[in-house]
Amino acid sequence: VLVKTNSLGLRDDEIVEDGRKKVLILGDSFTFGYGVENNETYAEVLEKKLNGSVDVINAGYASGYSTDTEYVYLKNHGLKLKPDVVILGFFIGNDAADINANEWDVDDKGEIKKVKSNTYYIDDYNRLRVSGMEKLWYYDYNVYLTQNSHAYTFFKNRIKHIKESFETADNTIYINEYDENMSISINKTKELIIKMHNITNENNASFLVLFIPSKEQVYGAKIYDKKHNLLDIERINIEFLDFFAKNNIKVLYLLPYMR
C-alpha cells in the first residue's frame with residue numbers, strides 16, 4: 001500500500017484555494033485509511049461522490065488517534081484551513097478508551113496545549129512503535145520479519161485474532177459497569193466532542209460525528225464477561241447516541257448500513 005502525504009502531513013493532495021467548499025475529516029486509522037490506497041480512503045471516496053465539487057481533506061492520524069489529540073489539532077491547525085464542515089470519524093471500538101493512555105500539558109485555565117502518548121512513540125526511523133516493546137528479546141526479529149515477510153505478518157495477525165477471541169470483555173466499553181478509568185475516559189471523550197462541536201460552530205462551520213461501529217457490533221458477536229454473562233455490546237452506542245441528541249450534535253450512525 002502506497003501512503004503519500006502532502007506538505008501539511010495529511011494523507012491528501014496539496015490544499016489549493018480554488019473556491020470550493022471544504023470538508024475537514026478528523027479521525028484515527030479508519031479515517032487515515034490504514035491498509036488501503038490513497039484513492040480508497042473514505043475521504044477520497046466522498047470527494048469523488050461529490051464529483052470533486054467539494055475539497056474533502058483527510059486529517060486522519062495527523063489529528064491523532066483519540067479525541068484529545070483531535071481536539072488540539074482542530075483548535076491549532078484544522079480551523080486555519082477554514083473548513084465549511086468538520087467531520088469527526090468516531091470509532092466506538094477504542095476512541096473512548098485510548099484517551100486514558102495520554103498525558104495532557106494544560107495552561108492556567110485547564111485548556112489542553114499538548115498531548116503526550118504513553119502508549120506509542122516515533123523511533124529513530126520515523127516508525128510508530130508501542131512503548132516497552134523494544135525491551136523484548138524478539139523485538140528486532142519481529143520488526144524485520146514484519147517488514148519483509150507477508151506470511152509472517154499473516155500468521156502473526158491470525159494468532160492475535162485467535163487470542164482475542166478467548167479474552168473476556170472486562171475493562172472494555174462493552175462491560176455493564178465501567179471501572180473508574182473507563183468512566184473517566186468516556187466522560188473526557190464526551191466533553192471534548194462538545195468542545196469540538198462548539199469551536200467549529202464558533203468558526204461558522206458545521207460539525208458532524210461519523211459514528212463508526214466496532215467489528216464485533218457489525219458481525220453481531222456474542223461477548224461475555226468473566227462470569228460468563230452475555231453483554232449488550234450496543235449499549236455503549238445507545239449511550240453516545242443519547243449524548244449526541246441531548247447536545248444537538250449531528251451524527252451519522254453507520255451500524256445499520258454496515259450489517
Side-chain angles (χ1 to χ4, degrees), residues 10-12 20-75 77-79 81 83-99 173 185-186 188-201 203 205-219 233-259:
L10 308 181
R11 193 179 186 188
D12 211 325
R20 290 184 296 166
K21 297 286 187 181
K22 294 177 184 174
V23 174
L24 175 67
I25 305 182
L26 312 174
D28 59 7
S29 58
F30 279 91
T31 301
F32 177 81
Y34 180 82
V36 301
E37 301 290 348
N38 276 34
N39 63 355
E40 296 173 325
T41 67
Y42 74 77
E44 189 68 20
V45 170
L46 176 59
E47 185 167 308
K48 289 178 181 177
K49 288 287 185 181
L50 297 172
N51 297 316
S53 61
V54 175
D55 186 9
V56 181
I57 303 169
N58 185 353
Y61 261 179
S63 58
Y65 59 88
S66 53
T67 46
D68 50 357
T69 55
E70 289 155 357
Y71 167 67
V72 171
Y73 176 85
L74 177 63
K75 181 180 64 170
H77 304 285
L79 292 173
L81 301 174
D84 297 280
V85 178
V86 173
I87 297 176
L88 172 64
F90 179 65
F91 175 54
I92 194 62
N94 57 26
D95 281 5
D98 282 344
I99 197 170
I173 58 168
S185 181
I186 289 174
K188 283 182 178 179
T189 298
K190 291 176 179 177
E191 291 171 4
L192 287 164
I193 291 176
I194 289 176
K195 285 189 174 185
M196 283 189 270
H197 172 261
N198 290 344
I199 64 171
T200 298
N201 289 344
N203 283 268
S206 299
F207 183 80
L208 171 73
V209 174
L210 183 67
F211 197 132
I212 304 170
S214 68
K215 65 180 180 181
E216 292 85 3
Q217 293 169 346
V218 172
Y219 293 112
I233 62 174
E234 293 182 34
R235 186 180 67 87
I236 183 69
N237 296 22
I238 295 171
E239 178 181 339
F240 269 94
L241 289 173
D242 287 344
F243 160 75
F244 295 139
K246 290 177 182 177
N247 290 277
N248 297 312
I249 297 174
K250 296 177 182 177
V251 57
L252 177 57
Y253 185 45
L254 293 183
L255 182 57
Y257 303 97
M258 298 179 72
R259 283 180 162 164

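Owing to the predicted nature of the structure, the values given are computational and were not obtained by experimental measurement.
Scanning for side-chain hydrogen bond (donor to acceptor under 3.5 Å, both in side chains) contacts around Glu44 gives an empty result, with sequence neighbours left out. With sequence neighbours excluded, the residues forming a salt bridge (charged side-chain N to carboxylate O under 4.0 Å, His left out) with Glu239 are Lys190, listed by chain and number. The side chain to side chain contact (heavy atoms under 4.5 Å, CB included) test applied to Asn94 returns Asp28, Phe91, Asp98, not counting sequence neighbours.
Side-chain contact check for Val86 versus Met196: every heavy-atom pair is 4.5 Å or farther apart. The shortest distance between side-chain heavy atoms of Phe90 and Thr189 falls below 4.5 Å. Annotation: side chain of Thr41 is in contact with side chain of Val36 (closest heavy-atom distance under 4.5 Å). Residues Ile186 and Phe240 form a side-chain contact, since some pair of their non-hydrogen atoms from C-beta on lies under 4.5 Å apart.
A side-chain contact (heavy atoms from CB on, under 4.5 Å) with Leu24 is found for exactly one of Leu81, Leu88, Val85, namely Leu81.
Side-chain atoms of Glu234 do not come within 3.5 Å of backbone N or O of Gln217 as any donor-acceptor pair. The main-chain N or O of Ile99 is never found under 3.5 Å from a side-chain atom of Lys188 such that the two would form a donor-acceptor pair. Using modelled atom types, no side-chain atom of Asn38 and backbone atom of Asp12 make a donor-acceptor pair closer than 3.5 Å.
Asn39 and Val45 get closest at one heavy-atom pair: O-CG2, 4.4 Å. What you find for Ser185 and Ala97 is that their closest heavy atoms are OG-CA, 3.5 Å. Nearest heavy atom pair, residue Gly27 against residue Thr31, reads CA-OG1, 3.4 Å. The shortest non-hydrogen separation linking Tyr73 to Ala59 is CE2-CB, 3.9 Å. When every heavy atom of Ala205 is checked against every heavy atom of Pro83, the shortest pair comes out as CB-O, 3.3 Å.
The list of side chain to side chain donor-acceptor pair (under 3.5 Å) pairs with a residue in residues 240-254, not counting sequence neighbours, reads Asn237-Tyr253. Sorted by first and then second residue, the ring-ring contact (aromatic ring centres under 6.0 Å, His included) pairs with a member in residues 31-52 read Phe32-Tyr61; sequence neighbours excluded.
Atoms CG and CZ, on Leu255 and Phe211 in that order, are 8.5 Å from each other to the nearest 0.5 Å. Of the inter-residue distances, the one linking His197 atom NE2 with Leu208 atom CG reads 10.0 Å to the nearest 0.5 angstrom. Expressed to the nearest 0.5 Å, how far NZ of Lys21 lies from CG of Asp84 amounts to 4.5 Å. From Ile92, atom CD1 reaches atom CD of Glu216 across 12.0 Å, with rounding to the nearest 0.5 Å. For the atom pair Leu254 CG and Leu210 CG, the distance stands at 4.5 Å (nearest 0.5 Å). Distance CD1/Ile199 to CG/Leu79: 5.0 Å, rounded to 0.5 Å.
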Can you give each donor-acceptor pair under 3.5 Å made by side-chain atoms of residues 47-56, sequence neighbours left out, with the distance rounded to 0.1 Å?
residue: Glu47; atom: OE1; partner: Val56; partner atom: N; Å: 2.8
residue: Ser53; atom: OG; partner: Leu50; partner atom: O; Å: 2.6

